[in-house]
K.L.:
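The following block contains the structure, expressed as structure tokens.
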Amino acid sequence: MKELVEVIAKALVEKPEEVVTTETETDDAIVVELKVDPSDMGKVIGRQGRIAKAIRAVVKAASSKSDKKVIVEILQ
């Protein structure tokens with residue numbers, strides 16, 4: 001899931017070299033944290049969070065075969 005979030009984020013931002021993703025796995029969930037350059041934050045979140053919701057929807061669809069819930073967090 002980490003790679004999927006990273007590819008999507010790099011396609012959206014102006015500074016793809018600043019995109020950092022980390023993946024943490026717990027018993028029942030996988031947490032994917034996304035960090036981008038502050039100037040690109042708006043491009044990743046989108047108006048009223050639409051792009052962020054779309055990223056989460058794609059990740060949820062990709063993880064539907066696994067038993068674990070995937071949470072995407074966008075950090076500053």
Side-chain angles (χ1 to χ4, degrees):
M1 293 305 124
K2 173 185 166 185
E3 295 82 13
L4 176 62
V5 173
E6 192 170 331
V7 167
I8 293 170
K10 284 185 177 182
L12 293 171
V13 298
E14 300 257 338
K15 299 178 182 174
E17 66 278 356
E18 296 289 325
V19 173
V20 177
T21 55
T22 57
E23 188 173 84
T24 309
E25 196 165 335
T26 62
D27 293 333
D28 58 343
I30 299 171
V31 179
V32 179
E33 294 177 341
L34 172 64
K35 280 188 179 181
V36 296
D37 191 77
S39 63
D40 287 328
M41 190 63 74
K43 291 180 179 75
V44 173
I45 295 173
R47 288 197 179 171
Q48 298 179 347
R50 287 188 183 143
I51 294 176
K53 286 180 190 174
I55 292 171
R56 290 182 177 114
V58 168
V59 171
K60 184 178 180 182
S63 68
S64 64
K65 290 189 177 183
S66 70
D67 295 336
K68 295 192 176 191
K69 181 179 176 182
V70 178
I71 302 165
V72 178
E73 292 182 353
I74 300 171
L75 306 175
Q76 287 187 351

K.L.:
Quick check: do Val5 and Glu23 have side-chain heavy atoms less than 4.5 Å from each other?
P.N.:
no

K.L.:
Rounded to the nearest 0.5 Å, what separates atom CD1 in Ile45 from atom CG in Leu34?
P.N.:
9.5 Å

K.L.:
Of all heavy-atom pairs between Ile51 and Lys43, which one has the smallest distance, and what is that distance?
P.N.:
CD1-O, 3.4 Å

K.L.:
To the nearest 0.5 Å, how far apart are NZ in Lys2 and CD1 in Ile30?
P.N.:
12.5 Å

K.L.:
Where is the tightest heavy-atom contact between Lys15 and Asp40, given as atom of each residue plus distance?
P.N.:
N-OD2, 3.1 Å

K.L.:
Should we say atom CD of Glu17 is surrounded by more than 12 heavy atoms from elsewhere, each under 6.0 Å from it?
P.N.:
yes

K.L.:
Please name the pair of heavy atoms, one in Val32 and one in Met1, separated by the smallest distance, quoted to 0.1 Å.
P.N.:
CG2-CB, 4.1 Å

K.L.:
Please tell me if the side chains of Glu18 and Val36 come closer than 4.5 Å, counting only heavy atoms from C-beta onward.
P.N.:
no

K.L.:
Could you grab the distance from atom NZ of Lys35 to atom CD of Glu73, nearest 0.5 Å is fine?
P.N.:
11.5 Å

K.L.:
Are Leu12 and Met41 linked, directly or through intermediate hydrophobic residues, by side-chain heavy-atom contacts shorter than 4.5 Å (ILVMFWY only)?
P.N.:
yes

K.L.:
What are the two closest heavy atoms between Ile55 and Val44, and how far apart are they?
P.N.:
CD1-O, 4.1 Å

K.L.:
Hey, any chance Leu4 and Val31 share a hydrophobic cluster, counting ILVMFWY side chains that come within less than 4.5 Å of each other, even indirectly?
P.N.:
no

K.L.:
Under the side chain to side chain donor-acceptor pair (under 3.5 Å) definition, can you give me all pairs with a residue in residues 63-72, not counting sequence neighbours?
P.N.:
Glu25-Lys68

K.L.:
Are Val58 and Val19 joined in one hydrophobic group, where the rule is that I, L, V, M, F, W and Y side chains link up if heavy atoms are under 4.5 Å apart?
P.N.:
yes

K.L.:
Measure across Thr21 and Glu6 and return the closest heavy-atom pair with its distance rounded to 0.1 Å.
P.N.:
OG1-OE1, 2.9 Å

K.L.:
Are Ile74 and Val13 joined in one hydrophobic group, where the rule is that I, L, V, M, F, W and Y side chains link up if heavy atoms are under 4.5 Å apart?
P.N.:
yes

